[in-house]
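All values derive from a computational prediction rather than experimental measurement. Just so it is clear: chains get the letters A, B, ... in the order the sequence lines come, proteins before strands, and each one is counted from 1.
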Amino acid sequence: MDDQPRLMHAHAAVGMSGHPGLSQHIPDNTGATDGDGRKQDIGDILQQIMTITDQSLDEAQARKHALNCHRMKPALFNVLCDVKEKTVLSIRGAQEEESPDAQLMRLDNMLLAEGVSGPEKGGGSAAAAAAAAASAGVGADNSTEHSDYRAKLTQIRQIYHTELEKYEQACNEFTTHVMNLLREQSRTRPISPKEIERMVNIIHRKFSSIQMQLKQSTCEAVMILRSRFLDARRKRRNFNKQATEILNEYFYSHLSNPYPSEEAKEELAKKCSITMSQVSNWFGNKRIRYKKNIGKFQEEANIYAARTAVSAASVSAHGSQTNSPSTPNSAGGYPSPCYQPDRRIQ
DNA sequence: CCACATGATTGCGT
DNA sequence: ACGCAATCATGTGG
């Protein structure tokens, strides 16, 4: 009769579906220590379980048969039923933990927004492009920089999907395996479908916590990528000569009030092939730097003053003209040093 | 490599 | 929302 207890032990590892300890049994089998066991490769665990069952298969089969045929078997079954009833009752409620997947939702949303998760190539790259455009605000800029970014993003995306698939597959395999075992054992001891379902839920929770880690690190990777590639400061390019000339021309010909209106900015942006905020930035920088050191900009001021004088002269056939560095424009007699703290700068 | 130029960002005041 | 001032991070010429 000491045969039966041993038989039960042979299956105990996976069989105690009604017990809360099951989740702990898995890492225990691997020999890993508590919390860290979870992180261990699922493949290892699967492998070990497989090995265990394979090794003892014949023997177990024989013993199972012996047990099933034993005259005391119905009695044992009843006893197990009683025990189960008690334990299940005491367990109920304790097991009901609402998993707080608010964070998981956030991660999912972010991955979706970044185009990492979500539909394959089509929608994904579109979402990525949209996200990139939205965050960078660089409309008609060269897209060569984005392609590099996109390539890296695709790489992350691929790794993410591969890993995710791997985990999902492992989860399914494991679930199937456990379910088979439980079904098998339900012949020997009482296991309700509900319990199997709960087992499956437990397994899924375990796996989804692993998935969450994967998602977390993917999010981090994307963030780093973004900060490296989309931070315009890191990818600063000087404006081309023509753009700078156009901007300087406007600046020096409106020196008494170098604050382009919305429309003026728009036009300058168009002419220079830059964005309006870049125009604003440029004027902001220019005003402050000019004010800080007027002397340094005098030469530049004279050049542009002369230029506008010439063009003004050519327009008005020939007016008074010929005085180059001094005067074309708006009454605020300005050669550079005279830049007046007009309306704003003070 | 260094110093300076330059576009972008941030913090603050209005 | 906008501008100023300070600051960052890169670009560029010597």
Side-chain angles (χ1 to χ4, degrees), chain A residues 110 113-115 128-153 156 219-308 325 329-346:
Chain A
M110 193 194 146
E114 295 299 331
S135 69
V138 185
D141 211 31
N142 41 359
S143 59
T144 49
E145 312 197 355
H146 285 355
S147 72
D148 205 6
Y149 169 81
R150 206 120 29 114
K152 297 267 188 200
L153 190 67
I156 291 177
C219 275
E220 277 167 25
V222 172
M223 292 304 258
I224 291 168
L225 182 70
R226 269 181 67 148
S227 68
R228 283 202 50 200
F229 277 81
L230 294 171
D231 184 355
R233 256 203 299 220
R234 291 181 183 274
K235 279 282 174 185
R236 185 174 71 76
R237 289 284 115 95
N238 289 349
F239 298 154
N240 61 42
K241 201 121 185 144
Q242 196 183 355
T244 310
E245 297 220 342
I246 292 168
L247 293 167
N248 271 317
E249 210 161 297
Y250 187 99
F251 180 79
Y252 287 110
S253 65
H254 296 75
L255 205 46
S256 62
N257 185 31
Y259 298 87
S261 65
E262 202 75 359
E263 299 84 53
K265 279 184 194 172
E266 207 164 347
E267 185 163 340
L268 284 168
K270 210 194 245 174
K271 276 196 210 167
C272 301
S273 312
I274 59 179
T275 68
M276 278 181 67
S277 58
Q278 284 179 302
V279 174
S280 297
N281 284 340
W282 190 90
F283 274 88
N285 283 323
K286 191 71 182 181
R287 281 190 298 263
I288 191 71
R289 282 161 186 166
Y290 180 83
K291 195 183 83 172
K292 260 188 175 171
N293 192 349
I294 294 176
K296 198 165 67 181
F297 289 90
Q298 180 149 15
E299 196 181 345
E300 188 179 76
N302 289 340
I303 290 170
Y304 284 99
R307 195 171 302 183
T308 46
N329 183 12
S330 49
Y334 72 87
S336 6
C338 296
Y339 171 65
Q340 326 207 84
D342 204 33
R343 320 214 154 153
R344 287 266 163 54
I345 309 180
Q346 24 211 1

Nearest-angstrom distance from the residue atom [atom1] of [X] to [atom2] of [N]:
X        : N      : atom1 : atom2 : value
A:Lys241 : C:dT12 : NZ    : P     : 12 Å
A:Met276 : C:dA1  : CE    : P     : 13 Å
A:Asn240 : B:dT6  : CG    : C1'   : 14 Å
A:Ile288 : C:dC4  : CD1   : C1'   : 5 Å

- A:Gln242, CD: over 12 other non-hydrogen atoms inside 6.0 angstrom: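 Atom CD in A:Gln242 is not packed in, count stays at 12 or less.
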Candidates [options] - which lies nearest the side chain of [X]:
X        : options              : answer
A:Lys292 : B:dG7, C:dA6, C:dA5  : C:dA6
A:Phe239 : B:dA8, C:dC4, C:dA5  : B:dA8
A:Arg289 : C:dC8, C:dG11, C:dA5 : C:dC8
A:Arg237 : B:dG7, C:dG11, C:dA6 : C:dG11

- Task: Would you please confirm or rule out a distance under 4.0 Å between OP1 or OP2 of C:dC4 and any side-chain N or O of A:Tyr259?
- Result: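 For C:dC4, OP1 or OP2 has a side-chain N or O of A:Tyr259 closer than 4.0 Å.
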- Query: Phosphate oxygens OP1/OP2 of B:dA5: is one of them under 4.0 Å from a side-chain N or O of A:Lys296?
  - Reply: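 Yes, because at least one side-chain N or O of A:Lys296 sits under 4.0 Å from OP1 or OP2 of B:dA5.
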- Ring-face cation contact, A:Tyr304 with A:Arg307, 6.0 Å cut, 45° max: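 A:Arg307 over A:Tyr304 ring: yes.
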- Task: Taking the side chain as every heavy atom from C-beta outward, state whether A:Tyr259 and A:Phe283 have any pair of such atoms under 4.5 Å apart.
- Result: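 SC-SC contact between A:Tyr259 and A:Phe283 ruled out.
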- Message: Less than 4.5 Å apart, side chain to side chain, heavy atoms only: is that true for A:Glu267 and A:Lys271?
- Response: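 They are in side-chain contact.
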- Mind checking whether A:Phe297 and A:Tyr252 have ring centres under 6.0 Å apart?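 No - the distance between ring centres of A:Phe297 and A:Tyr252 does not fall below the 6.0 Å cut-off.
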- Please tell me which of A:Glu262 and A:Asn285 maps to the more 5' nucleotide of DNA chain C, matching each residue to the nucleotide holding its nearest heavy atom.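 Result of the comparison: A:Glu262.
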- Task: Using a heavy-atom cut-off of under 4.0 Å over every strand shown, decide if A:Phe283 touches base, sugar-phosphate, or nothing.
- Result: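 No contact at all - A:Phe283 keeps every heavy atom at 4.0 Å or more from the nucleic acid.
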- Looking across every strand, which nucleic acid part, if any, lies under 4.0 Å from A:Lys286 by heavy atom: base, sugar-phosphate, or nothing?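 A:Lys286: no heavy atom of the nucleic acid under 4.0 Å.
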- In terms of the nearest nucleotide of DNA chain B, which residue is placed more toward the 5' end: A:Asn281 or A:Asn238?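 It is A:Asn238 whose nearest nucleotide is closer to the 5' end.
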